[in-house]
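Below is one structure, written out as structure tokens; the observations come after it.
We count ligands from 1, going down the list as the structure has it; atoms in each ligand are counted the same way. This one's a predicted model, so the numbers in the text were calculated from it and none came from an experiment.
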Amino acid sequence: MLVDLVIRNATIVSSEAMFVGSIAIRDGVIVAIGLDETMPDSMESLDARGRYVLPGAIDAHVHFREPGFSHKETWESGTASAAMGGVTTVFEMPNTRPPTRDLETLNLKLKAASSAYVDFGIYGLLGEDNLDQLENLIEGGVAAFKCFMGNTFANLPSPPTGAILEGFEIIAKHGYRIALHAENASIMARRQLALQACGRCDPLAHLAARPPVVAVEAVSRAAILAEWTGARIHILHVSSGDELRPIREAKQRGVDITAETCPHYLLLDEKAYTEKGSLVRVNPPVREKVHQDQLWVGVQDRTIDMIATDHAPHSKEEKHNDDIWGADCGFTGVETQMPLMLTQVAKGRLSLMDYVRMTSTAPARAFGLFPRKGALLPGSDADIVVIDMDREGAVDEAVLQSLGPSTPFHQYPIKGVPVHTLVRGRFVMKDRKLVTAARGHGLNVRRVQQMPTPAPRNLEHTTAAITGKDRA
Ligand code: NCD
Ligand code: ZN
């Protein structure tokens with residue numbers, strides 16, 4: 001057998017094992033993995049001695065802004081950022097303009113995504129006004145759903161609990177996972193008004209408006225609705241230690257719930273507001289150090305399944321504001337996650353195998369892509385990142401691909417950098433350089449996605465059932 005490429009003598013890392021060996025790739029798929037002398041003949045070979053080879057990261061939470069806000073980010077710039085960051089699959093959020101709420105808007109998004117360097121899944125919106133579109137979105141090719149329980153950029157209204165329940169009932173019948181921005185809109189809106197009324201507009205006022213109960217209430221409510229309907233859910237950006245208990249309890253009750261946190265909740269604390277001002281404004285907020293410590297415990301005991309980025313770029317002008325309420329929320333992340341977290345691996349805070357589990361294998365499993373993605377096995381897509389754990393430097397917003405590269409991690413010292421990224425066997429980043437010819441190589445993951453058979457519950461109680469309008 002003649003193969004396209006053999007990556008030779010690397011330390012191969014999966015979530016279960018780490019060993020020195022080689023990987024053979026043909027037609028975008030891994031065909032052999034083992035000792036170098038057992039490899040088939042190849043057209044090309046890459047010497048990776050001293051380097052580590054990991055399944056590419058799967059970032060379940062990015063905002064690429066197109067259509068509608070292309071000055072903040074485009075699919076081209078966002079996925080170029082992913083390629084440079086060792087990320088081979090992204091799941092993109094629906095708060096664009098227009099939001100991804102029906103077939104027509106999904107097709108606009110798919111068109112924008114045709115410039116992608118890396119593979120992608122699209123989140124469809126679960127909102128109060130598009131419950132009748134959810135099944136069309138599934139047919140049209142979304143990989144999962146997103147429900148904004150709290151306020152969001154682009155001002156999508158947060159659905160009332162009744163609409164969330166109906167949405168869960170519909171999606172539960174199809175097995176697709178629903179990602180929740182779990183913050184209680186009413187609590188934080190009232191607190192923000194109260195803070196504004198007494199003249200607070202300093203950066204820490206943002207934190208004061210969103211105490212952990214904002215998230216705890218929403219996580220618990222989402223878990224109850226998921227338990228009732230059998231819907232699969234994913235809790236986005238866990239930011240507080242307090243959210244861990246309802247997540248643990250829901251897992252113990254058998255709810256199909258996964259959870260992610262982001263590098264900024266693991267690495268920044270409230271001091272960042274004084275040091276970085278409005279740049280650090282993000283929803284949910286970066287919190288006090290005690291939460292950071294508890295989140296690391298949640299990472300270690302696996303209450304938190306994944307690390308994603310909530311890549312939410314805005315322009316410099318939109319990020320910097322002396323009035324905190326005027327600064328846009330969120331910042332770039334898809335390109336900085338890997339160096340930031342590998343630095344934690346280098347410091348001994350996380351093993352490399354745990355890193356692979358949290359950034360690749362777990363999201364692949366949660367979204368029905370494993371073992372096609374999230375694994376280095378014969379038959380898996382050759383979505384691969386080669387990393388140099390000895391390479392040191394600092395995060396530098398001047399070199400990021402993102403159109404909104406402002407980040408509170410600017411100049412953060414790093415050790416551990418992705419040097420090559422391959423998506424289905426093709427280099428999209430080689431020797432730290434973007435392979436511009438790979439623009440448009442990215443494909444929708446729906447072609448390989450297989451969600452497990454759904455197990456919906458309590459469907460005899462749905463609004464559709466009691467009014468005789470159930471389509472199923
Ligand atoms: C995000 C964005 O800008 O789209 N911002 C954020 O602070 N996480 C998402 C959002 O607004 O909810
Ligand atoms: Zn987000």
Side-chain angles (χ1 to χ4, degrees), residues 59-75 78 81-82 90-100 109 121-127 144-159 178-185 188-189 192 203 206-207 209-210 214-215 218 234-240 259-265 268 272-273 276 278-287 306-321 324-334 336-337 363 402-409:
D59 190 339
H61 191 166
V62 304
H63 302 261
F64 284 163
R65 312 299 192 198
E66 194 186 15
F69 303 100
S70 300
H71 70 285
K72 292 178 191 276
E73 195 76 293
T74 61
W75 272 84
S81 225
V90 291
F91 279 68
E92 205 269 347
M93 288 295 173
N95 59 331
T96 42
R97 188 170 58 200
T100 315
K109 175 120 335 154
I122 306 282
Y123 280 105
L125 181 70
L126 188 182
F145 287 89
K146 164 78 176 272
C147 177
F148 293 93
M149 298 173 86
N151 71 322
T152 180
F153 170 71
N155 292 322
L156 303 184
S158 55
I178 305 157
L180 285 311
H181 180 130
E183 288 193 296
N184 178 303
M188 56 197 181
Q192 181 172 331
H206 177 63
L207 176 57
R210 301 168 109 100
V214 162
H234 175 62
I235 304 298
L236 299 160
H237 45 46
V238 173
S239 64
S240 70
E260 76 182 28
T261 190
C262 312
H264 41 282
Y265 303 115
L268 300 177
Y273 294 92
K276 320 269 177 187
S278 61
L279 179 54
V280 78
R281 188 178 191 211
V282 60
N283 296 328
V286 166
R287 299 187 186 280
M306 320 173 191
I307 293 168
T309 67
D310 193 6
H311 175 85
H314 302 282
S315 73
K316 224 185 184 90
E317 300 69 46
E318 290 162 339
K319 281 305 302 171
H320 289 94
N321 200 314
I324 191 66
W325 311 114
D328 277 354
C329 298
F331 40 80
T332 201
V334 74
T336 51
Q337 176 275 112
S402 177
L403 297 185
S406 297
T407 165
F409 289 109

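Using a cut-off of 2.8 Å, one finds that His63 contributes an N/O/S atom close to the Zn ion (ligand 2). The Zn ion (ligand 2) has no N, O or S atom of His237 closer than 2.8 Å.
The nearest protein atom to atom 11 (O) of ligand 1, hydrogens excluded, is given as Phe153 N, 2.7 Å; this is a heavy-atom distance. Nearest to atom 10 (C) of ligand 1 among the protein's heavy atoms is Thr152 OG1, 3.3 Å. Nearest protein heavy-atom neighbour of atom 7 (O) of ligand 1: Asn283 N, 2.9 Å.
Taking the six-membered ring for Trp and the full ring otherwise, His314 and Phe153 have centroids separated by under 6.0 Å.
Residue Arg65 touches ligand 1 through its side chain alone, judged by heavy-atom distances below 4.0 Å. Heavy atoms of Asn95 found under 4.0 angstrom from ligand 1 belong exclusively to the side chain. Residue Asp310 touches ligand 1 through its side chain alone, judged by heavy-atom distances below 4.0 Å. Of all the heavy atoms of Ala312, the ones lying under 4.0 Å from any atom of ligand 1 belong exclusively to the side chain.
The side-chain hydrogen bond (donor to acceptor under 3.5 Å, both in side chains) test with His237 is passed by exactly one of His61, Glu183, His181: His181. Checked options Glu73, Arg65, Glu92; the residue passing with His311 is Glu73 (criterion: side-chain hydrogen bond (donor to acceptor under 3.5 Å, both in side chains)).
In terms of polar-atom proximity, Val282 is not counted as a contact of ligand 1, lacking any N or O under 3.5 Å from an N or O of the ligand. Between His237 and ligand 1, no N or O atom pair is found at a separation short of 3.5 Å. Looking at ligand 1, you'll find an N or O of Cys329 within less than 3.5 Å of one of its N or O atoms.
Taking a cut-off of under 4.0 Å to the non-hydrogen atoms of His181, the atoms of ligand 1 that pass are 12 (O).
Across all their heavy atoms, Thr332 and Pro405 have their closest contact at CG2-O, 3.6 Å. A pairwise comparison of heavy atoms in Leu125 and Phe145 identifies O-CD2, 4.1 Å as the closest pair.
The shell of residues lying under 4.0 angstrom from ligand 1, judged by heavy atoms, includes His314.
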List the steps and the verdict of side-chain hydrogen bond (donor to acceptor under 3.5 Å, both in side chains) for Ser406 and Lys319. CA-CA 8 Å; Ser406 297; Lys319 281 305 302 171; over 6 Å; no
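Of the N and O atoms on the side chains of Thr309 and Asp59, at least one donor lies less than 3.5 Å from an acceptor on the other residue.
Looking at Ser402, its side chain never comes within 3.5 Å of a backbone N or O of Ser81 through a donor-acceptor pair.
For the pair Arg287 and Tyr265, the cation-pi criterion (under 6.0 Å, within 45° of the ring axis) is not fulfilled.
The Zn ion (ligand 2) is closest to atom OD1 of Asp310 (considering only N, O or S atoms).
Taking the six-membered ring where the residue is Trp, Tyr273 and His206 present tilted rings, their angle falling between 30° and 60°.
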